Structure formats: structure tokens, C-alpha cells
Trainee: 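First, the structure itself, so that you have it in front of you.
Treat the numbers as computed from the prediction; the structure is a model and nothing was measured. Just so it is clear: chains get the letters A, B, ... in the order the sequence lines come, proteins before strands, and each one is counted from 1.
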There are 2 protein chains.
Amino acid sequence: MDQQDLAMPDIAHFFEGVEKLLEIWFEESSSPTGDLRNITRPEWENLLRHVKCEIISFTKNDFIDAFLLSESSMFVSKRRWILKTCGTTTPLKCLEQLLKLAKVHGFSVISDIFYSRKNFTRPEVQNSPHKGFYEEVTYLDTIFPEGRSYCLGSINLECWYLYTFSKPELKALPDIIVEENNIDADPDQTIEILMQNLDKNVMSVFSKTHCSTGTEATAHSGIDQILPDMVIDDFLFDPCGYSMNGINEHGEYMTIHITPEEKFSYVSFESNVALNNYTKLINQVIKTFKPGKFIVTIFANKSSLAYETMKELEIEYSTLSNWKRTDMQCCNFPSYNLLFAQYSRAVEIST
Amino acid sequence: MDQQDLAMPDIAHFFEGVEKLLEIWFEESSSPTGDLRNITRPEWENLLRHVKCEIISFTKNDFIDAFLLSESSMFVSKRRWILKTCGTTTPLKCLEQLLKLAKVHGFSVISDIFYSRKNFTRPEVQNSPHKGFYEEVTYLDTIFPEGRSYCLGSINLECWYLYTFSKPELKALPDIIVEENNIDADPDQTIEILMQNLDKNVMSVFSKTHCSTGTEATAHSGIDQILPDMVIDDFLFDPCGYSMNGINEHGEYMTIHITPEEKFSYVSFESNVALNNYTKLINQVIKTFKPGKFIVTIFANKSSLAYETMKELEIEYSTLSNWKRTDMQCCNFPSYNLLFAQYSRAVEIST
């Protein structure tokens, strides 16, 4: 990722790869022309100023607009908005402006909200309202009074936080109505794989000393083989760090962000690709990046292919060789199931 | 429950019914005479001084010793110790003494530890180290360095905390060894039902104005019908409040504690009775006490009848009529599965 603080002495050099992830779904617009993709580039640039990041690349197809940011990614489709930002960015600070822009473009009803992140490596360097999960929840509660907040994994060791609507009700908000989830919703699923303590030979690919372009790093690392139907927009940062967005003809996306420095290496993989079994994909991602430990989260709504098979995945996960599952939790929300699992290498392999 | 502060003006009258629950399993003793039930009454009384509660009644059978306490209950079997205390008691403060006593009586290896509680209604009146879950975890970590801590339910609304060994390893402790869980463990399961906002007509039974003895309250309320094979030891507090322990010929226990005051009514039900389906039991408990909302937790180890059927329970729970499930989570620990579910009345019924 883009690292502004390289001029500082090495002892102080640190970059928080762990992202804050916001996903908002709006109810179908009553206006036939309602589409979040009608929001203009200057409007997005203005909104992202609140987050403290910038657009560095852009691709699109008939279903989805994909922005590469100086810190991670933004995806915009007709009624869904995803913002994923790392470092010390402040994504929650753009929420009010996002809701205003959405309203102008035909969307005043929110159906689902997810805000999630892993525990930060260094929470003390974050800016308000991201200094802690309680501060984030307090901030979100001022905008969405019906949210629920969760901590999965072990609070005192490593965990993953989630703020979501799990009890949606008809509710009047300042200019925004939040209403009951539609059970006949479109199929939706999201898988995230958050990796740490990565193999340093694999990580060395994602620096300007080894590759001159993002495209070279994408091919050399095997990222282009993970989901081969994705059209990839990639970026290699100077002196190191990597981001990519991929979109395919079904409107699905994938996104990978890499902080390669050995002392705080971090790689995130995320996709909404519809599969009825994620074991093969997880194995491919793990084989590509060789982490020392990782977290997997899978969200699937009742219409998703993945929904019924999550129970099976619980069992299949445990057969991943060389990996010890240190935690597994499952949550049932009104319209989504969530599976959370944490793994570390059973035997440390020196790299 | 025993309420010391009745002399205070009514506006300040409050009793924390929510219990702190500690359960410790020791590995089989190498000494053939090793048995926690050899710990003497004066030794227990001395230990409970650290907790700030007293023994008020005692029953036993061939398998289990059951103590009624001024604040809840203690159960002692050969290698398992359970302490459940409410109010402003400090159960964690007796841990070091418990480990010393266990060692004297043949047990120096801990196989499982569970410390759990619902969020307090008034955390600010608790004493250290129970002023918050972080303080409790910090305290437990000084004694058991391999513990993991969890928060189930919604952090910002209502939740249930758990501290447990989920990654047991051979570990040297000051005079105590904690080792790998035995997969061939005895079958074990625990169900808890924690109820609030209870029906005031039902609660009125548990006061001296309605009943003169615990036995009368037990029969009048239908508590003796919940698990009819239990031999019951009950106590009615003055002016109100109720506790009972039940033990049966299989060495199983049940325990119920009632804080009936309308402003902070609370009833807890707990049992380790082995059933392959808990739906009927849950329905009977709910019908007996008529809560406005409740939490169910079920622990089951791999040898338990309940282990395989917890998946079914996930579905069956949702059919409880008139109840809206506001949360459900499932955790897989190395030797136990845990199911957590939270319900509130779908339609408020005036009482």
C-alpha cells in the first residue's frame, strides 16, 4: 500500500495493512433511473477527502465500477457501495455525505449495512472515530440507531469486529428510512481471507526492486490464476506494496491488497464470487501467499448458493493440512449467515 | 436472593441477579483416593470468605455435593467444581485457594476452565476484579496464561461473556500443570437459561408474603415439575428471593435462582442433564417463569448426546412461538461446542 512515512527512521516505520470495510445496500429505487453509478467522479473525490484517500485507477463493466484507491478500493454498483481502506484512513467520516449523494441519485432506503475489520496491529496510531471499536460503534449509532455490534474470535488475543443491522425495522431517520430486509433478496455472498506473517520470498515480489509494474507482480505471483475470469486493474507502489481490483462479466469482484514488509506483513483477499464450496478458493489463496496465520469470513444470505453449504464448510475447513484451527464461530443474522474461522500453522516452517 | 440492602431507601434498592459462573475440571488424579469432596466444610467456608458468601444449606448423593449459598450455589463432584454466585460477590478471588486445596486432595492438572456471565445490569456497583470483563480476563490471565475470551451477542446491547481454555497445551504453571484435553472425556453438557423482565404474578410466588417456605414456592411455581427426578434443596429468602439445587441418581444437577423484584427481575436455570434435544426443557422453563426476554447457552463436548444435535436445535429454536430470536451464535472449541441464542417476545403481552 501507499506508504507516506518512508522518510522516517526504520525503527518507526509502520503501515497498518488491516482494512476498515464498509458495505451498504440500498433498497431498489422508486426512480427508474436511480443508480449509484450516476454519482460523478468529482463527487466521489470530494467524498473520499473525508476518508483521507484518493482515486488512483478506475475500471468498469456493465455491472460494476471499480476504483483503486491510494489506500485500497471502492466498488460501486447500482444499489450497493463498498469502501475498503487501510492505513490511518477514516471511512466512517464520509458516511453522511454518502447518504446524501445516494438520496440525490434515487436511494433513500438502506437494506443492509456491514462495517467490519480485524483488530488493528497498532490501534494507537488510528484517527478518530477509529481509535477503538467502541468509538466506531458510538459513531455509527449516531447515524444508524438500530445497529448491532459483535466481536468474533478471542477478545484478548486476535479478533474481528462487525457492526451490522441484524434486526431491521421500519424506522424514520433524518432523511433516511431503514426497513425490514427483503427475504427475496438477490443472492449475495462475500468471502474475505485476511493473512499475516507471510512468506518473505512471496512478499518480495511486491516491491519495485523485483517488479516494475503491477501487471508484472500480478503474473509473477500467480494472482491472475486465483479467479481467471477476472479483468484485473493492478498497481505496484513505490518502493513496495500492491493493490488490485478484478471484475468479471457476472458483475462479481475480487480485490487484493498487500503490505509486504516483513515486520508487519498483511494480505487481504476479498470477493463476492458465487461458489457453493469455498475450500478450493481458500486453498489457492493460501498457496499463493503462504501466510503464517489467517482469518476467513464468509457471509451468505438466504438466496446464496453458499448459504446451505456453510455447515459443510465447517467440517471441510478442519481438514486443511498443516493448519490448526484456533477458533471457529458462526452467527445467524436475520438475512445473512456468517462463518468466522481462524487458522495458524500447526508447525512453523522456516522460510 | 439474599438482599442485604433492604434498609436503604427504595429508590436505591437494587440487587444484581446476574451470576458469575465458574466451572473447573481436573484431570483424573494419580492418587486412588483423590476426590474434591474430601475438602472439608471449614475449608470451603474459609474459601468462600474470599467470595463474600456463605453456605446456607447442603445436600449430597453418591455422585455430587450440592451447597446452597447466601448468593447462589456450589457443586462439588470427584473432579469437577462449579461455583455460581450473584450480587456483588467476588468468585475469582477464591481461585488460588481452590487450586491449592485441589492439589492437597490429589488434583494438580486442570483440563477445562469456563468462566462466564451475562452483562451486568449495573456493572458500576461490582467489586474488583469484576468491574468489567477486561478486568476479569486480566485477573484470570495471571493464573491461567492460555485462556481465550469471547463476547457472544451484541457488545453494544446485551451479551454474554466467556473465558475458557480453547487451545489447551502442556504448560507449567506455579504448582499447576495444564495439559491437552482428553478426547475420550466423559460426556458433558450444560444448559443455562437466563431470563429477565419476568411475569410479575409468577414472581410474586417467591416472596414471604405469598409462601412461607422454599418447598411451598417450589411446588406452587411448578419448579418441581421441570425435571421431576431431581431431589430438591430449596430456600426462600426474607422478604423475597429464591434459590434451589436439585440432584438426581445419575449425578446430574439443576439449579435455579430468582430475583423477583419487578424493576430488576432475573431468573437463572442451569443443568447438566443429558438430553439429545433441549427444546422441550426450554419450553417448560419458559412456561414456568414467563420471561420477557431470555438467553440460552448450551455447551456440549464431543462425547455428549447433545453434541450432534445442536445443529438441529438451531432450527428448532426458531419455531418457539411468540418469540423472536434476536441473536444466535455457535462456537467450536477444541473439545466443546457452544450454542448461544437470545430471544425476546415478538409481541409485548401486558401482565
Trainee: Within the 4.5 Å heavy-atom criterion, are Y150(A) and L152(B) side-chain neighbours or not?
Mentor: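 No - every pair of side-chain heavy atoms lies 4.5 Å or more apart.
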Trainee: Has E135(A) got more than 12 heavy atoms of other residues, nucleotides or ligands less than 6.0 Å from its CD?
Mentor: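 Check passes, neighbour count above 12.
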Trainee: Hey, does M328(A) have a side-chain heavy atom less than 4.5 Å from the side chain of F333(B)?
Mentor: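 With C-beta onward as the side chain, the pair stays apart.
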Trainee: Heavy-atom distances under 4.5 Å only: say whether F340(B) touches chain A with side chain, backbone, both or neither.
Mentor: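 The answer is neither part of F340(B).
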Trainee: Indicate yes or no: at least one non-hydrogen side-chain atom of D327(B) is less than 4.5 angstrom from one of R148(A).
Mentor: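 Yes, at least one pair of side-chain atoms sits under 4.5 Å.
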Trainee: Which residues pass the ring pair (Phe, Tyr, Trp, His ring centres under 6.0 Å) test with Y161(B), sequence neighbours left out?
Mentor: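 Checked Y161(B) against ring pair (Phe, Tyr, Trp, His ring centres under 6.0 Å); matches are F133(B).
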Trainee: Out of curiosity, I155(B) CD1 to I155(A) CD1, how far, rounded to the nearest 0.5 Å?
Mentor: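 Those atoms lie 6.5 Å apart.
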Trainee: Under 4.5 Å from any heavy atom of chain B, what part of L157(A) do you find: side chain, backbone, both or neither?
Mentor: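 For L157(A), side-chain heavy atoms alone lie under 4.5 Å from chain B.
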Trainee: I'd like to know if the side chain of S154(A) and the backbone of S149(B) have a donor-acceptor N/O pair within less than 3.5 Å.
Mentor: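 Judged by distance alone, yes, a pair lies under 3.5 Å.
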